[in-house]
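Accompanying notes for the structure given below.
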Amino acid sequence: FSEPQGQNLFENSNSLTTQTKIFSGISQAAKNIYNLQVDQISSPQPLLSDYLTKKFDEGPVESVHTWGVFQSNFDTTMTEGEHGSTRFNPALVNVLIDTKMRGGKDNFRLMLDMSHQHNRSFMSQFVQDAYYETKRIPHHTILIGNSRTGTGYEGAQSPYTLPFINRSQISRNLANIRKVGVRVKGNYSLVDYDFGGYSSDTFFTEFIPGLEFDGWVNLKPFGKTDGRYGKLTTGTGFVLGRRNSVDYSLGGAYIGYEYKRFWTRMEYAISDGSNGGSGLTDKRRQGWYVTIGYRLTKKIEVLARYDEFDPDRGVKANNQREYTAGVNYYLKGQALKLIFNYIYCQNEAKPDSHRLLVGTQIAL
């Protein structure tokens with residue numbers, strides 16, 4: 001038995017109406033993203049936050065925001081005396097779920113990292129951020145769970161706001177790591193601080209093989225001048241820890257200044273053993289970097305960095321120096337930017353090399 005012809009026409013009409021609404025919604029979303037104006041670069045503003053946030057009228061959960069960040073680059077390396085090589089590197093593939101509890105003082109974050117790693121398995125680094133955060137104490141944020149430690153200034157910085165594609169050598173070797181523990185961050189006009197007690201385990205490989213304490217304090221002398229003299233920050237901190245039979249310690253100092261479109265940062269670190277991004281070691285290391293940057297326009301930023309690192313102070317003539325020049329083009333702030341870095345790597349113990357990195361970052 002065939003259906004009445006009028007019913008078929010009605011169903012086709014509904015289907016066309018639904019498709020028209022979908023295309024209209026996509027078109028409007030694309031226009032909103034195109035017209036989005038983002039001038040600040042201190043944090044990423046995801047492009048689809050209005051569309052990927054689910055709000056609840058009742059219950060303890062106020063909203064759930066699911067978003068992602070993708071970083072990639074073409075890396076051309078030319079080692080002196082050898083053939084060059086070029087590769088495509090999907091450097092960062094993150095999915096984040098931010099749950100905001102009603103009242104705005106309690107939050108949960110889960111961040112999953114799907115980036116390919118050469119030195120560890122996929123599952124060992126799959127879960128990155130997994131913590132509860134509360135702001136019930138004025139001027140304070142308390143994190144409980146697996147989070148980035150407050151080791152150093154750049155080492156504790158989000159990868160989504162870094163000025164260059166790569167962190168400095170002290171940051172990527174001695175810091176840039178997540179551990180399970182309790183972290184307390186205080187923020188006042190003239191001072192902020194970051195203290196944490198953690199398990200010395202990394203990437204969920206062992207069950208509390210030891211403990212670690214991290215402490216960092218920043219002084220902000222111009223904090224009450226409303227920016228008339230710029231923003232000056234001086235900081236210092238240390239790390240003490242033990243993992244299995246290895247004791248390690250680290251000390252550091254930082255100074256940074258921002259005035260209108262100009263900014264500069266300098267950081268120094270010295271360690272007697274470490275448990276950072278390059279893994280557990282008893283080697284005594286040290287290094288420092290200085291970076292300067294200038295925003296030519298709201299969208300274009302030029303910057304340069306000198307970066308020196310001694311991977312083992314017990315070995316002579318093995319320092320590594322990196323001279324980096326870069327350009328950032330912020331199409332939509334940190335949510336959509338293009339990156340160009342040139343790095344001259346000067347090594348005392350191996351051949352020098354040149355690197356060209358052309359990359360992009362997208363936060364949806």
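By convention here, the first residue in the shown sequence is residue 1.
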(request) State whether D98 and R109 are salt-bridged, where the test is any N-O pair (Lys NZ or Arg NE/NH1/NH2 against Asp/Glu carboxylate O) under 4.0 Å. (result) yes
(request) State whether K179 and D201 are salt-bridged, where the test is any N-O pair (Lys NZ or Arg NE/NH1/NH2 against Asp/Glu carboxylate O) under 4.0 Å. (result) no
(message) Tell me whether the rings of W67 and Y160 are parallel (<30°), tilted (30 to 60°) or perpendicular (>60°).
(response) perpendicular
(message) Please verify the inter-ring angle class for H140 with Y188; under 30° counts as parallel, over 60° as perpendicular, anything in between as tilted.
(response) perpendicular
(request) Evaluate the criterion salt bridge (charged side-chain N to carboxylate O under 4.0 Å, His left out) for residue pair D129 and R148; output intermediate values, then yes/no. (result) CA-CA 7 Å; D129 288 337; R148 185 178 296 277; over 6 Å; no
Distance-only donor-acceptor pairs under 3.5 Å for side chains of residues 244-253, two or more places apart:
unit_1 : atom_1 : unit_2 : atom_2 : d
N244   : ND2    : E206   : OE1    : 3.2
D247   : OD1    : R242   : NH1    : 2.8
D247   : OD2    : R242   : NH1    : 2.9
Y248   : OH     : E212   : OE1    : 2.5
Y248   : OH     : N275   : ND2    : 3.3

(request) Answer whether the closest heavy-atom distance between the side chains of T233 and K231 falls below 4.5 Å. (result) yes
(message) What I'd like to find out is whether the side chain of N173 reaches to under 4.5 Å of the side chain of K283, using heavy atoms alone.
(response) no
(request) Please check if the side chain of R305 supplies one atom and the backbone of G326 the other of a donor-acceptor pair under 3.5 Å. (result) no
(request) Output the distance between atom CD1 (I177) and atom OG (S200), rounded to the nearest 0.5 Å. (result) 11.5 Å
Show me the donor-acceptor pairs within less than 3.5 Å that the side chains of residues 254-262 make with the rest of the protein, sequence neighbours left out.
unit_1 : atom_1 : unit_2 : atom_2 : d
Y257   : OH     : Y229   : O      : 2.7
R261   : NH1    : L296   : O      : 2.7

(message) My understanding is that only residues two or more places apart in sequence, or in another chain, count here; which of them pass salt bridge (charged side-chain N to carboxylate O under 4.0 Å, His left out) with R295?
(response) none
